[in-house]
Trainee: 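Pasting a structure here, questions to come.
Note that the structure is a prediction, hence the values are computed from the model and not measured. Order of the sequence lines sets the chain letters (A, B, ...), proteins ahead of strands, with each chain counted from 1. Only heavy atoms go into these numbers, but all of them, side chains included; no hydrogens, no water, no symmetry mates.
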Amino acid sequence: MPELPEVETTRRGIAPHLLGQRVRAVVVRNPRLRWKVPVALVTELPGQTVRAVERRAKYLLLRADNGTVIVHLGMSGSLRIADRSDPAGRFDHLDLVLEDGTCLRLRDPRRFGSVLWTRGPPADHVLLRNIGPEPLTAGFDGMYLYTRTRRRTAAIRDLLLNARIVAGIGNIYANEALFQARIRPSRRAGRLSRPECGRLVAAIRGTLTRAIKAGGTTLRDFRKADGAPGHFQHTLYVYGRAGKRCRRCAAQIRALHIGQRRAFYCPHCQH
DNA sequence: AGTGCGGCCTGTCCGC
DNA sequence: TGCGGACAGGCCGCAC
């Protein structure tokens with residue numbers, strides 16, 4: 001679900017509402033997320049001011065004076081700014097109540113998401129420590145991808161999903177970027193040429209940048225911080241389009257299973 | 001070290 | 001109309 005563009009869209013949406021505000025309380029209705037919501041979040045965050053709202057991979061980092069809230073939206077999570085008095089729904093598991101009467105509300109039907117608390121630098125947190133470069137920064141280029149894929153036998157689609165190789169890419173954008181780069185998702189990563197790696201990096205950058213501009217992809221659960229859906233789903237070339245016509249050449253888009261997860265490609269455009 | 005799978009959850013859709 | 005099964009945007013932890 002929320003991949004880099006959706007998390008970035010969320011970050012941009014919530015940041016203006018949080019920055020410089022004091023957290024009045026943390027309301028946990030259901031602590032049973034992927035990892036149990038730590039008690040320290042409830043005891044240590046209230047009274048502190050939010051100083052920065054950052055993103056690393058698919059994690060949101062809410063930096064306060066005495067620590068950082070680490071939020072992951074899992075498969076079905078979304079964050080929105082709500083009025084404190086708005087009734088919480090069945091899946092609204094947690095609120096950060098702010099001093100102006102609003103709250104940051106986490107909704108997550110599947111509860112694959114997480115809300116954690118760390119006192120030290122978040123980059124040192126065990127979940128963030130081994131994550132690879134951000135795809136929209138200079139550290140991620142064709143030479144890097146070429147080097148990291150050598151002698152790897154896994155499908156390139158799966159290496160794009162591997163956060164140790166590159167941060168923030170999920171199944172939608174892996175498939176879309178591979179289409180743009182004209183590379184089949186099932187190709188063994190180690191068999192990609194140097195120019196193909198360059199094309200793929202450019203395609204990843206372009207796809208993610210356009211998706212952020214569109215406010216992300218809403219297939220079902222994702223919502224922006226104001227509750228509105230993103231609209232990149234109307235621009236998808238392959239993801240979820242099995243049996244439909246390729247927007248570029250009109251061939252039928254195919255789906256296949258790589259491991260447990262579906263991959264989509266155009267048999268004419270991609271090799 | 002790299003690869004591939006199971007499992008965590010709920011909702012939705014499809015075939016029978 | 002109901003039921004079982006497959007599937008869904010992520011990712012850790014494990015066995016090999």
Trainee: Quick one: name the residues clustered hydrophobically with A:Leu256, using the 4.5 Å side-chain heavy-atom rule over I, L, V, M, F, W, Y, and just say none if it's on its own.
Mentor: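 Joined to A:Leu256, directly or through intermediates: A:Ile258, A:Tyr265.
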Trainee: Would you grab the first and last nucleotide of DNA chain B (5' to 3') that comes under 4.0 Å of any non-hydrogen atom in chain A?
Mentor: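 Going 5' to 3' along DNA chain B, contacts run B:dG2 to B:dT12.
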Trainee: Would you indicate, yes or no, if C:dC11 has its OP1 or OP2 atom less than 4.0 angstrom from a side-chain nitrogen or oxygen of A:His72?
Mentor: yes
Trainee: In whole Å, what separates the P atom of B:dT10 from that of C:dT1?
Mentor: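 Rounded to whole Å, the distance is 26 Å.
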Trainee: Which whole-number value in Å describes the distance from A:Arg164 CZ to C:dG10 C1'?
Mentor: 15 Å
Trainee: Expressed as a whole number of Å, how far does the P atom of C:dC11 sit from that of B:dA1?
Mentor: 23 Å
Trainee: By the side chain to side chain donor-acceptor pair (under 3.5 Å) test, which pairs, at least two apart or in different chains, include something from residues 20-34 of chain A?
Mentor: A:Gln21-A:Asp100, A:Arg29-A:Asp95
Trainee: According to side chain to side chain donor-acceptor pair (under 3.5 Å), does anything in residues 242-254 of chain A pair up with another residue at least two apart or in another chain? List the pairs.
Mentor: A:Gln180-A:Arg248
Trainee: If you write DNA chain B from 5' to 3' in dot-bracket form, with Watson-Crick or G-U pairs under 3.5 Å, [ ] for crossing pairs and | for pairs with another strand, what do you get?
Mentor: .|||||||.|||||||
Trainee: With A:Tyr237, which residues qualify under ring pair (Phe, Tyr, Trp, His ring centres under 6.0 Å), at least two apart?
Mentor: A:Phe179
Trainee: A:Glu6 CD to C:dG10 C1': how many Å, rounded?
Mentor: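 Between C1' of C:dG10 and CD of A:Glu6: 12 Å.
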Trainee: Can you check nucleotides 12-16 of chain C for protein contacts, nitrogen or oxygen pairs under 3.5 Å, and list what you find?
Mentor:
{"unit_1": "C:dC12", "atom_1": "O4'", "unit_2": "A:Arg34", "atom_2": "NH2", "d": "2.7"}

Trainee: For DNA chain B, which residues of residues 104-120 of chain A approach it to below 4.0 angstrom with any heavy atom?
Mentor: A:Pro109, A:Arg110, A:Arg111, A:Phe112
Trainee: Output the rest of the hydrophobic cluster of A:Val126: all Ile, Leu, Val, Met, Phe, Trp and Tyr residues reachable through side-chain heavy-atom contacts under 4.5 Å, sorted by chain and number.
Mentor: A:Trp35, A:Tyr59, A:Leu61, A:Ile70, A:Leu116, A:Leu127, A:Leu128, A:Ile131
Trainee: Using links of under 4.5 Å between side-chain heavy atoms of ILVMFWY residues, direct or through other members, which residues join A:Val27 in one cluster?
Mentor: A:Val97
Trainee: Check which hydrophobic residues are tied to A:Tyr146 through side-chain heavy-atom contacts below 4.5 Å, counting indirect links as well, and list them.
Mentor: A:Met143
Trainee: According to the ring pair (Phe, Tyr, Trp, His ring centres under 6.0 Å) rule, which pairs have a member within residues 83-136 of chain A, sequence neighbours left out?
Mentor: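 Matches after skipping sequence neighbours: none remain.
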